[in-house]
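So the structure is just underneath, and the comments pick up after that.
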Amino acid sequence: MSTVFQRTLEVRTSGQGFVDITAEVAGIVAEAGKKTGLCTVFLQHTSASLVIQENADPAVLRDLQRWMTRLAPEGSGYEHDEEGPDDMPGHLRSAITRSSEVIPIVGGRLGLGRWQALYLWEHRRAAHVRRLVVTVLGTG
């Protein structure tokens, strides 16, 4: 019989960039004690996002950050700028990425590939505390 297990996770960022949250989410999966199932991670914010990306070469993350900066640059011209010049670009960046990820649970562990990690991608310059809802549905 499948059951649901849920935890809220708070992640502190230090400004724009990536925070590897794989270990924290894996800990919640372990706490849930499910051998087979799905883990959904949902980010409760609109100026940050979640990505599954390479964990071996940090140049990948640096290149992604530079690409995103070119795609949605800071500056004037945005109507929505009440919280500063990085406000609307943060929303644009999160709109083209994801606010949730679903990862299979295989043998009681996250079913990520060898070179994959789950990252919270902060799109704002200032440090933030981001809340995530981690839901584990499974058996075993």
Side-chain angles (χ1 to χ4, degrees):
M1 180 161 125
S2 290
T3 58
V4 177
F5 182 89
Q6 191 171 75
R7 289 283 183 263
T8 300
L9 176 63
E10 288 192 349
V11 176
R12 296 184 185 282
T13 71
S14 57
Q16 286 180 346
F18 296 87
V19 178
D20 186 343
I21 60 171
T22 309
E24 290 88 344
V25 173
I28 293 171
V29 169
E31 183 184 355
K34 307 302 176 197
K35 297 296 180 196
T36 305
L38 296 172
C39 175
T40 301
V41 183
F42 178 77
L43 178 65
Q44 296 181 307
H45 300 275
T46 60
S47 57
S49 57
L50 296 172
V51 294
I52 294 175
Q53 201 44 255
E54 180 174 327
N55 63 5
D57 184 356
V60 171
L61 302 179
R62 291 191 300 269
D63 285 340
L64 280 169
Q65 185 67 43
R66 282 191 292 271
W67 172 79
M68 186 64 85
T69 300
R70 288 191 307 272
L71 190 62
E74 292 184 19
S76 60
Y78 297 114
E79 182 178 352
H80 179 75
D81 63 359
E82 293 174 15
E83 295 178 30
D86 67 335
D87 189 14
M88 191 60 208
H91 292 293
L92 294 172
R93 294 167 185 176
S94 71
I96 62 169
T97 51
R98 300 175 58 85
S99 59
S100 66
E101 290 286 353
V102 178
I103 303 168
I105 299 168
V106 181
R109 300 172 60 185
L110 289 173
L112 291 169
R114 180 177 191 171
W115 307 112
Q116 289 181 316
L118 176 62
Y119 295 94
L120 186 153
W121 192 353
E122 178 62 65
H123 299 304
R124 302 291 305 273
R125 282 187 275 143
H128 286 81
V129 175
R130 301 300 192 174
R131 291 177 50 91
L132 301 103
V133 178
V134 180
T135 304
V136 177
L137 173 65
T139 60

Checklist entry - Is a side-chain donor-acceptor pair under 3.5 Å present for Ser2 with Lys34? => result no
Checklist entry - What distance do Ser47 atom OG and His128 atom NE2 have between them, rounded to the nearest 0.5 Å? => result 5.5 Å
Checklist entry - So do the side chains of Glu54 and Gln116 get within less than 4.5 Å of each other, counting heavy atoms only? => result no
Next on the checklist: Test question: given the 4.5 Å side-chain rule for I, L, V, M, F, W and Y, name all other residues clustered with Met88, or answer none.
Outcome noted: Tyr78, Leu92
Donor-acceptor pairs under 3.5 Å, side chain of residues 65-73 to any protein atom, not counting sequence neighbours: which ones?
{"residue": "Gln65", "atom": "OE1", "partner": "Trp121", "partner atom": "NE1", "Å": "2.7"}
{"residue": "Arg66", "atom": "NH2", "partner": "Asp63", "partner atom": "OD1", "Å": "2.5"}
{"residue": "Thr69", "atom": "OG1", "partner": "Gln65", "partner atom": "O", "Å": "2.9"}

Checklist entry - Do you know which two heavy atoms are closest between Ala56 and Pro58, and how far apart they sit? => result O-CD, 3.6 Å
Checklist entry - Counting distance only, does the side-chain N/O of Asp86 pair as donor-acceptor with the main-chain N or O of Arg124 below 3.5 Å? => result no
Next on the checklist: For Arg12 versus Val129, what's the shortest heavy-atom pair and its separation?
Outcome noted: NH1-CG2, 3.0 Å
Next on the checklist: To check you understand the geometry: which heavy-atom pair defines the closest contact between Phe18 and Leu61, and what is its length?
Outcome noted: CE1-O, 3.3 Å
Next on the checklist: What's the separation between atom OG1 in Thr13 and atom NE2 in His123, rounded to the nearest 0.5 Å?
Outcome noted: 11.0 Å
Item to check | Residue pair His80, His91: steps toward the side chain to side chain contact (heavy atoms under 4.5 Å, CB included) verdict | outcome: CA-CA 10 Å; His80 179 75; His91 292 293; 3.6 Å; yes
Checklist entry - How many angstroms lie between atom CG of Asn55 and atom OH of Tyr119, to the nearest 0.5 angstrom? => result 5.0 Å
Item to check | Check against salt bridge (charged side-chain N to carboxylate O under 4.0 Å, His left out), Glu10 and Arg130 | outcome: CA-CA 6 Å; Glu10 288 192 349; Arg130 301 300 192 174; over 6 Å; no
Checklist entry - Going through the checks in order, is the side chain to side chain contact (heavy atoms under 4.5 Å, CB included) test met by Val133 and Gln6? => result CA-CA 7 Å; Val133 178; Gln6 191 171 75; 3.6 Å; yes
Checklist outcome for this item: Taken to the nearest 0.5 Å, the spacing of Glu122 CD from Arg93 CZ works out to 10.5 Å
Item to check | Separation between CD of Gln44 and OG1 of Thr46, rounded to the nearest 0.5 Å | outcome: 11.5 Å
Checklist entry - Would you say the side chain of Gln53 lies within less than 4.5 Å of the side chain of Val60, judging by non-hydrogen atoms? => result yes
Checklist outcome for this item: Cluster membership besides Leu43, Ile/Leu/Val/Met/Phe/Trp/Tyr side chains within less than 4.5 angstrom, sorted by chain and number, is Phe5, Leu9, Val11, Val19, Ile21, Val25, Ile28, Val29, Val41, Leu50, Ile52, Ile103, Ile105, Leu110, Leu112, Leu118, Leu120, Leu132, Val134, Val136
Checklist outcome for this item: In this structure, CD of Glu24 is separated from CZ of Arg7 (nearest 0.5 Å) by 15.0 Å
Checklist outcome for this item: All heavy atoms of Ser94 vs all of Ser49, minimum pair found to be CA-CB, 4.3 Å
